[in-house]
Structure formats: structure tokens, C-alpha cells
2 protein chains.
Amino acid sequence: MKENLVRTSMLTEREKDTLSFITSYYTKERKAPLLTEIAQGLGIQSKGVVHRYVSALEDKRYIVRNPKTRGIELVDHPDIDVLPLLGRIAAGKPIEAIEDKSLINFAHLLGGANRYVLQVKGHSMIEEGIHNGDLVVIEHASTARSNQIIVALVDGEDATLKRIQFPKKNVVRLIPANKTMQAKEYSTDRVAIQGVLVGQVRIYD
Amino acid sequence: MKENLVRTSMLTEREKDTLSFITSYYTKERKAPLLTEIAQGLGIQSKGVVHRYVSALEDKRYIVRNPKTRGIELVDHPDIDVLPLLGRIAAGKPIEAIEDKSLINFAHLLGGANRYVLQVKGHSMIEEGIHNGDLVVIEHASTARSNQIIVALVDGEDATLKRIQFPKKNVVRLIPANKTMQAKEYSTDRVAIQGVLVGQVRIYD
DNA sequence: CTTTCATGAGAACATAACGAGAACATCTAT
DNA sequence: ATAGATGTTCTCGTTATGTTCTCATGAAAG
């Protein structure tokens with residue numbers, strides 16, 4: 001019953017099920033499942049059975065394992081953090097036909113020292129396309145240029161996301177992007193700039 | 001030649017917690033935390049345990065250490081494009097600390113097999129907060145659920161981003177998010193679904 | 001009929017992951 | 001220079017998870 005010569009990449013039904021579960025778990029959770037989680041997903045009581053399927057998938061080169069707790073790695077699924085930028089939509093062509101494929105790495109674009117993420121609550125920047133629940137990337141800074149969108153702390157109490165302007169010396173104007181709200185002006189010493197908006201991200205389920 | 005370099009950058013749950021706490025602390029306090037501060041932040045009694053996690057993070061190249069009192073330094077490695085999610089920003093309140101201090105990796109959130117990026121041209125989805133020039137992440141798919149936002153190709157010519165509905169059999173309705181534009185209905189055979197919207201990103205200069 | 005294979009249950013054991021805490025070394029403030 | 005604070009290195013546990021077995025059932029093939 002020892003088969004070191006595995007010529008067949010054919011998977012049995014349950015092996016397919018196992019691989020499928022691992023793949024979907026991976027894309028959803030961004031980590032490998034436990035054996036018991038696979039078992040539950042497949043309706044199997046015994047983790048020993050799952051272990052057999054996982055070992056088969058390893059023999060057939062569909063996965064690699066570390067002897068660790070969530071040690072399954074998909075061989076076709078190494079961490080992909082680069083996406084192809086295919087082109088501009090509404091270009092009048094099928095997407096696949098666009099040739100100029102450059103690669104885009106959001107983490108590289110948005111990551112970096114002195115940056116952090118805040119989740120937006122409310123609708124004060126809705127006309128800028130920044131909606132309730134969106135994630136914004138902020139670069140830590142204490143100064144800003146006019147017309148930048150910044151995180152401002154007013155009187156040490158009021159942290160909001162607003163566009164900033166400097167209409168005259170020692171005066172700061174904070175402008176929401178919402179017609180139902182009004183721009184306000186403060187003396188410079190009342191407004192502390194916390195950071196500058198560098199990116200915005202929304203994730204759809 | 002095969003690269004046998006084992007990049008076990010996989011972090012355990014508590015190692016992630018530890019890294020998350022360190023990065024959050026760093027961005028807030030502008031200095032590294034003490035082991036006892038990490039311990040308190042994670043609800044651990046023993047600084048020896050924390051030391052073990054910190055050593056693991058050093059082994060896995062997420063940090064470097066000096067043998068000094070606040071000697072942890074975050075490494076700026078491309079593998080570590082994680083940003084701390086600090087809190088929610090709300091009108092009229094200070095930034096709320098987020099209970100679950102988590103790290104955000106946009107590439108992991110948005111990346112994955114069968115995904116690509118398009119740049120949006122035009123304003124047809126402006127009321128969804130998708131503006132001209134924004135980047136959208138599309139997951140390749142040929143089917144969609146009702147009310148999802150999809151990339152549709154009409155008569156093989158017109159690739160656009162629209163919300164989709166199926167009002168009756170063999171009819172597809174494509175709905176822009178712009179009051180100045182109208183929803184249109186097509187027979188099923190004229191519309192080819194190219195993919196489903198899974199994310200949206202904007203980068204500010 | 002027997003053999004083989006895919007499937008499943010479950011026991012027994014090995015190891016990983018996590019945590020507490022002691023003892024000691026080293027750093028740092030005074 | 002000294003004392004307290006902080007970092008390092010251990011040992012000792014507990015629980016969770018992975019690994020290796022044996023046994024059992026049913027279907028398909030010879």
C-alpha cells in the first residue's frame with residue numbers, strides 16, 4: 001500500500017472536496033484552515049480522515065505543508081500581492097484584449113512608515129467619494145498644504161476628516177464635502193493637524 | 001535550481017497580536033513599547049512570554065532589536081505592507097480607539113487569483129463613491145448576483161461598470177449610479193459579464 | 001467468492017502554541 | 001556607583017492541533 005511513485009494527479013471526489021474547501025477558506029480567511037475546520041466543512045467527524053486527504057494532496061503536489069498549526073500552503077496560490085492593471089474601463093474593448101498590462105501593488109502604494117488606517121464614520125466627505133465605512137490611509141503629519149484633505153483635531157476634541165484651506169494669516173478653514181454641512185473657520189491655535197489623507201479603500205462583499 | 005529558502009513568515013495568532021500592538025503603539029507614541037506594556041496590551045502576565053513572541057517576530061524579520069530598553073524597531077520590508085487600523089474617525093468626536101487592534105494588508109484583502117485592476121473613466125458610478133480615475137478591483141466572473149456591481153460588455157463593445165439586476169427572464173438591467181444617466185435593459189444575449197467589483201482604491205497625491 | 005479501493009470513525013500519541021513565573025543579566029536614572 | 005527597571009533565559013505546565021495507527025463499510029472489479 002506504499003506508493004512512492006505517484007504518477008496520477010487524479011484526485012478522488014473527497015480529495016477534490018478537500019482541496020476546494022482549502023482554497024475557498026484561503027481566499028476568504030487569508031490563512032490555512034485547521035484539520036478540524038476542514039472536517040467540519042466536509043461533514044467528517046474524524047480529523048484522521050482529513051489528514052489522509054491532506055497528505056494525498058501533498059503527495060500529488062497540490063499543496064505543501066509545514067509541521068505547524070495552519071501549515072497548509074497552496075502551491076498555485078503563493079501570496080499574490082500584485083494585481084495586473086489591465087486598463088481603463090469603458091474603453092470600448094473587451095477587457096481581455098487590453099495589452100498594456102502593468103502591475104499594481106496597493107500595499108506598496110499605500111503602505112509605508114508613519115501611515116495608519118482609519119475607518120470613516122459619517123457622511124461629511126461624501127461628495128469626495130468617501131463614504132461611511134470606508135477605510136482611509138493617513139500619513140502622520142503636523143502640517144499640510146492648502147486644499148489637502150486632513151485629519152484635524154479642533155480644540156483637542158474634534159477629530160474629523162476635512163479639506164483644509166488657509167484663507168488668511170492665523171486662520172484655518174475646514175471644509176466638509178457635503179452640501180448639508182458648512183465650512184468653518186478657526187484660529188490657527190485651535191486646530192491641530194493629525195495627518196494627511198493619502199489613500200482611500202473600499203471593500204465590497 | 002530550486003530555491004529552498006523557507007520563508008516561514010507565517011505568524012501565529014499571538015504573534016500577529018504582538019506585531020499589531022507594537023505597530024499601533026509605535027504610530028501613537030512614536031516609540032517602541034516595553035515588554036511589560038505589550039504584555040498588558042495583550043492580557044499576558046509574563047514578560048517572558050512576550051519576549052518569546054518578540055523573538056519570533058525578529059526571527060521572521062518583522063522587527064529588529066537593540067539590546068536596549070525600548071529597542072524594538074519595525075522593519076520596512078516589502079513583505080510587511082501592513083498598516084495599523086487605529087480607529088474610527090467621526091464627526092464631533094475624538095478618534096475612537098478600535099477595540100480589536102488589527103493590521104490591514106490591502107494587498108491581501110484585495111489580491112487573489114482571478115483578480116485585476118481597472119481604472120475608472122467617467123462618472124457613471126459617482127453616487128457609489130466611484131469617481132473618475134479611481135482604481136477598481138475586479139474578480140473575473142461570468143455570472144453575478146442581482147444588485148452586484150459588475151463589469152459588463154454590451155454587444156461586445158461597451159465595457160462599463162454598472163449595478164446589475166434581472167427584472168425578468170432573459171432581461172438584464174444595468175443601472176448607473178448617476179442621476180443624470182438612465183438604467184437600460186438588454187436581452188441577456190447582448191450582455192457579457194466580465195467580472196464583479198470587489199474593491200475600490202483611490203490614491204491621493 | 002475474494003481483492004482492492006475510497007471512504008469514514010476513532011484511539012493513541014507527538015508536537016505546537018500558549019501561558020505563568022523564577023532566576024539572572026543588563027540597562028538606565030539618580 | 002548603586003538601585004530599580006527592563007530584558008533575557010530558563011523550567012514547568014495546560015490545551016490545541018497534527019500524526020499515525022487500527023478497524024469497519026460498501027462499491028467495483030476480477
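Sequence lines set the chain letters: A, B, ... in the order given, protein chains first and strands last, and positions in each chain run from 1.
The existence of a salt bridge linking B:Lys168 and B:Glu185 is excluded, since no basic side-chain nitrogen approaches an acidic carboxylate oxygen closer than 4.0 Å. Using a cutoff of 4.0 Å between basic side-chain nitrogens and carboxylate oxygens, B:Glu37 and B:Arg70 are scored as salt-bridged.
The listed nucleotides are D:dG18, D:dG7, C:dT28; the one nearest the side chain of B:Lys68 is C:dT28. In the set C:dG10, C:dG21, C:dC18, the nucleotide with an atom closest to the side chain of A:Gln45 is C:dG10. Checking D:dT19, C:dG19, C:dC27 against the side-chain heavy atoms of A:His51 singles out D:dT19 as nearest. For B:Thr69, the side-chain atoms get nearest to C:dT28 when compared with the rest of C:dA16, C:dG19, C:dT28.
The number of heavy atoms from other shown groups lying within 6.0 Å of CD (B:Glu58) is above 12. Heavy-atom contacts from other residues, nucleotides or ligands closer than 6.0 Å to CZ of B:Arg145 number 12 or fewer.
In this entry the distance linking CD of B:Glu73 with P of D:dG7 reads 14 Å, nearest Å. Counting to the nearest Å, the C1' atom of C:dA17 and the NZ atom of B:Lys60 are 11 Å from each other. Spacing between atom CZ of B:Arg65 and atom C1' of D:dT9 amounts to 12 Å, rounded to whole angstrom units. Rounded to whole Å, the distance from CG on B:Asp17 to C1' on C:dC18 is 12 Å.
Between the side chains of B:Gln165 and B:Asn147, at least one donor N or O sits under 3.5 Å from an acceptor N or O.
Taking the nucleotide of DNA chain D with the nearest heavy atom to each of B:Gly71 and A:Leu34, the more 5' of the two is matched to B:Gly71. Judged by closest nucleotide on DNA chain D, B:Thr36 is the one of B:Thr36 and A:Ser55 placed further toward the 5' end.
Within the 4.0 angstrom heavy-atom criterion, base atoms lie near B:Ser46. Across all strands, A:Leu35 comes closer than 4.0 Å to base atoms (heavy-atom distances).
The phosphate of D:dT17 has neither OP1 nor OP2 within less than 4.0 Å of any side-chain N or O from A:Arg70. A sub-4.0 Å separation between OP1 or OP2 of C:dC18 and a side-chain N or O of B:Thr12 is present.
Rounded to 10°, the angle separating the first-five-pair axis and the last-five-pair axis of the helix from C:dC1-D:dG30 to C:dT30-D:dA1 equals 30°.
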List the protein contact pattern of nucleotides 21-30 of chain D with one symbol per nucleotide (5' to 3'): B for base contact, S for sugar-phosphate-only contact, - for none; contact means a heavy-atom distance under 4.0 Å. ----------
